[in-house]
Amino acid sequence: EAIRALRKAAPMPYLQQVSSFQPVIELAKSKLIQKELGDLEEAPRLEDKKVIEVQLMEWGAAIEDLAEASAYPIDKVISLDGSSQTTQFERGVAGATLNYITYAAIVTDIKKYKELAKQRIIDPVAFRAMEDRSSRATVLPGENILVRGCRTTRDSFRKKVYELFENPEMSFLEKKPLAEVLDRVVAHTEKSRREGAEGPAGKIRCPHDTGHLYEYSRQPRPCPVCKETVYPTDWLRLHENIMPSGAGTGEAIGGLGQVMEHLTAVGILQWMEEENILGATKHYAIIIDGPLAIFGTAAELHRGIQAELKRINRLCVGRFGHEIAMVGISKTGAFVGEFERIDTFRNGAPNRIKGGRAILLGTRYINTRVVPSRDSTKEHGEGTYYSEKILYKTKSNMRLALTIPRLSDAPREPGEPPEAKDIPRLQDILRLMEDTATHRYENAIGPVISAHNEASIPLNLGRKILEEMARKHIASR
């Protein structure tokens with residue numbers, strides 16, 4: 001028992017091997033480490049009392065005191081989520097893996113949801129009936145798995161991503177593939193880069209390591225240097241996560257998942273515009289599981305997404321007199337942690353912040369308290385986020401870290417939070433949070449739970465089924 005306890009506390013490479021205290025003694029005695037520690041300092045932070053006063057007295061606002069609700073209540077919610085599962089392919093080359101991806105779109109009838117929520121015991125059949133569920137699934141090669149005709153794992157991944165984006169059956173947009181959505185978003189990003197004089201707009205570096213830069217194209221084309229095929233989806237640079245050995249497909253899959261979710265959200269609005277039903281957005285909201293931001297190699301995409309959302313929002317305002325409603329909900333991360341911290345008394349008691357209050361975060365506060373930075377006015381997340389950050393405490397005392405698209409060009413003081421009136425459909429979205437908050441899980445929203453349930457792959461049974469399917473269908477050499 002003692003050996004197991006020590007091994008758990010200090011893991012070692014061999015069974016029953018335990019670490020000694022000698023390295024700790026040497027570390028404590030080291031003059032070099034003492035000197036290095038002396039060069040470090042804690043990131044600057046305000047005193048808690050002052051922060052709480054700023055939060056609650058200056059920025060915190062009751063939902064009723066925010067910008068007026070629109071004349072159009074949100075009756076339908078489209079929630080998006082995705083999941084992935086990496087499995088071992090044991091036959092053949094050691095370390096071979098496959099990456100399965102599922103993503104789901106759930107349309108929830110909010111009127112029916114609210115009626116069911118009033119019932120003491122909810123009929124599961126009625127609960128399912130209030131939702132229109134749709135999901136997609138695919139598989140991409142992992143380490144030591146090749147697509148026929150491809151020489152490397154990276155090339156295999158690139159080809160399959162391109163085919164995924166070009167296949168309209170893999171999107172939720174009827175006959176509209178995600179490649180069309182990407183094409184328009186990239187065009188916005190190129191325009192933004194040209195106007196900002198920030199380097200070669202729309203340039204893609206050859207994924208075959210020739211160093212050649214070429215213009216983005218909607219169609220595949222050969223690299224003029226190495227003559228190998230370059231795909232339009234290479235613009236996302238997801239393949240750069242994959243090492244020559246094939247390692248790193250997990251990071252590439254994670255990046256792919258977030259890109260697909262955000263492009264699907266944009267694509268839904270584009271599809272509604274093309275079908276001449278954009279006016280219906282007054283009763284719809286789109287919810288994404290996670291912040292409205294793009295991280296990693298595809299981060300530049302956030303510019304184009306924001307520009308396209310601004311374009312569609314202007315159409316809605318000009319033609320129909322309302323803005324679009326879209327929100328991202330974070331379950332983990334720095335903003336979630338900060339919200340919990342300021343909502344907790346020093347003695348550990350919860351609910352320091354009253355329910356039904358929204359806190360609009362500005363760069364000065366974020367750079368001082370959440371993600372400390374010496375430049376308190378430098379825009380936080382300017383290379384990743386296309387959204388404003390809002391902390392909302394529901395009347396049932398649930399904490400929600402929200403992001404809502406930044407679609408207003410209204411000026412603001414450097415470092416200061418946005419005005420409530422400049423955040424599209426803010427009060428409508430917060431009332432939606434009130435209507436769909438659930439105690440099934442901590443700080444959870446019903447439609448997000450449904451999307452996650454539809455997309456998630458069971459860890460144990462799911463892995464066994466997928467491994468068996470792979471053994472049955474993958475050709476051996």
Side-chain angles (χ1 to χ4, degrees), residues 76-83 101-108 132-138 161-191 216 218-219 231-233 235-236 238 255-294 298-316 323-328 386-387 403-405 407 424 447-448 451 454-455:
K76 296 285 197 309
V77 168
I78 303 171
S79 47
L80 305 172
D81 193 17
S83 177
I101 299 177
T102 60
Y103 52 111
I106 309 293
V107 181
T108 305
D132 184 3
R133 296 167 174 252
S134 183
S135 61
R136 304 287 186 272
T138 188
V161 169
Y162 168 70
E163 292 175 354
L164 173 63
F165 272 63
E166 286 290 351
N167 185 356
E169 294 182 359
M170 292 305 298
S171 76
F172 298 106
L173 313 173
E174 294 193 351
K175 297 181 180 180
K176 183 183 182 72
L178 279 179
E180 287 187 15
V181 184
L182 176 66
D183 188 56
R184 191 179 297 182
V185 169
V186 168
H188 283 301
T189 305
E190 290 182 13
K191 184 173 182 292
Y216 167 84
R218 173 70 172 79
Q219 302 299 326
Y231 303 106
T233 44
W235 186 92
L236 298 169
L238 297 171
L256 174 63
Q258 68 164 342
V259 166
M260 291 175 66
E261 287 181 41
H262 291 256
L263 288 182
T264 297
V266 175
I268 289 170
L269 295 171
Q270 290 179 349
W271 176 81
M272 295 179 78
E273 176 190 0
E274 293 160 5
E275 295 294 316
N276 294 317
I277 56 173
L278 197 57
T281 55
K282 63 188 177 185
H283 293 303
Y284 276 79
I286 297 175
I287 298 179
I288 288 182
D289 184 15
L292 298 187
I294 303 293
E300 280 290 297
L301 199 67
H302 87 281
R303 299 182 189 220
I305 290 175
Q306 184 176 27
E308 180 66 353
L309 290 177
K310 282 185 175 182
R311 182 191 70 81
I312 295 173
N313 195 57
R314 286 194 295 267
L315 284 179
C316 286
E323 295 187 289
I324 60 175
M326 182 173 172
V327 60
Y386 58 93
S387 53
T403 47
I404 298 177
L407 305 181
V448 173
E454 189 72 12

Which distance, rounded to the nearest 0.5 Å, do you find between the CG of Leu182 and the CZ of Arg218? 8.0 Å
Is Tyr103 close to Met170 at the side-chain level, that is, under 4.5 Å between some pair of heavy atoms? yes
How about Glu180 and Gln270: do any of their side-chain heavy atoms sit closer than 4.5 Å? no
Interatomic spacing from CD in Gln306 to CG in Leu309 - rounded to 0.5 Å: 8.0 Å
Check residues 258-269 and write down every donor-acceptor pair under 3.5 Å in which the side-chain atom is one partner and the other belongs to a residue at least two apart or another chain.
unit_1 : atom_1 : unit_2 : atom_2 : d
Gln258 : OE1    : Phe295 : N      : 3.2
Gln258 : NE2    : Phe295 : O      : 2.5
Glu261 : OE2    : Gly82  : N      : 3.2
His262 : ND1    : Tyr386 : OH     : 2.7
Thr264 : OG1    : Met260 : O      : 2.6

Donor-acceptor check, side chain of Ser79 to backbone of Ala451, threshold 3.5 angstrom: yes or no? no
Test your reading of the model: is there a side-chain donor-acceptor pair from Asn313 to the backbone of Ile324, 3.5 Å cut-off? yes
Any side-chain heavy atom of Pro232 sitting closer than 4.5 Å to one from Asp183? no
Measuring from Glu163:CD to Thr138:OG1, what's the distance to the nearest 0.5 Å? 9.0 Å
Ignoring hydrogens, what is the shortest heavy-atom contact between Ala455 and Ser83? Give both atom names and the distance. O-CB, 3.2 Å
Atom pair CD1 (Ile312) and CD (Glu308), whose distance is rounded to the nearest 0.5 Å: 4.5 Å
Taking only distance into account, with no hydrogens and no angle test, what donor-acceptor pairs under 3.5 Å do side-chain atoms of residues 275-287 form with protein atoms, sequence neighbours excluded?
unit_1 : atom_1 : unit_2 : atom_2 : d
Thr281 : OG1    : Leu278 : O      : 2.6
Thr281 : OG1    : His322 : NE2    : 2.8
His283 : ND1    : Pro73  : O      : 3.1

Scanning both residues in full, the closest heavy-atom pair of Glu169 with Arg136 reads O-NE, 3.0 Å
Counting distance only, does the side-chain N/O of Ser171 pair as donor-acceptor with the main-chain N or O of Asn167 below 3.5 Å? no
State, with a plain yes or no, whether a side-chain heavy atom of Val181 is found less than 4.5 Å away from one of Phe165. no
Less than 4.5 Å apart, any side-chain heavy atom of Arg314 and any of Leu407? no
Hey, could you give me the CD/CD distance between Glu166 and Gln219, rounded to the nearest 0.5 Å? 6.5 Å
Heavy-atom check, side chain of Leu256 versus side chain of Leu164, under 4.5 Å: yes
Donor-acceptor contact present, side-chain Arg303 to main-chain His188, <3.5 Å: no
So do Thr102 and Ser135 actually touch side chain to side chain, heavy atoms under 4.5 Å? no
Can you check whether Val161's main-chain N or O pairs, donor with acceptor, with Thr233's side chain at less than 3.5 Å? no
Just by distance, do the side chain of Thr403 and the backbone of Pro291 share a donor-acceptor pair under 3.5 Å? no
Please report the shortest heavy-atom distance between Trp271 and Leu173, naming the atom on each side. CD1-O, 3.9 Å
Over all heavy atoms of both residues, which pair between Glu273 and Leu315 is shortest? Give the atoms and the distance, please. OE2-CD1, 3.4 Å
Please name the pair of heavy atoms, one in Ile404 and one in Pro424, separated by the smallest distance, quoted to 0.1 Å. CG2-O, 3.8 Å
Taking the side chain as everything from C-beta on, heavy atoms only, tell me whether Ile78 gets closer than 4.5 Å to Phe172. no
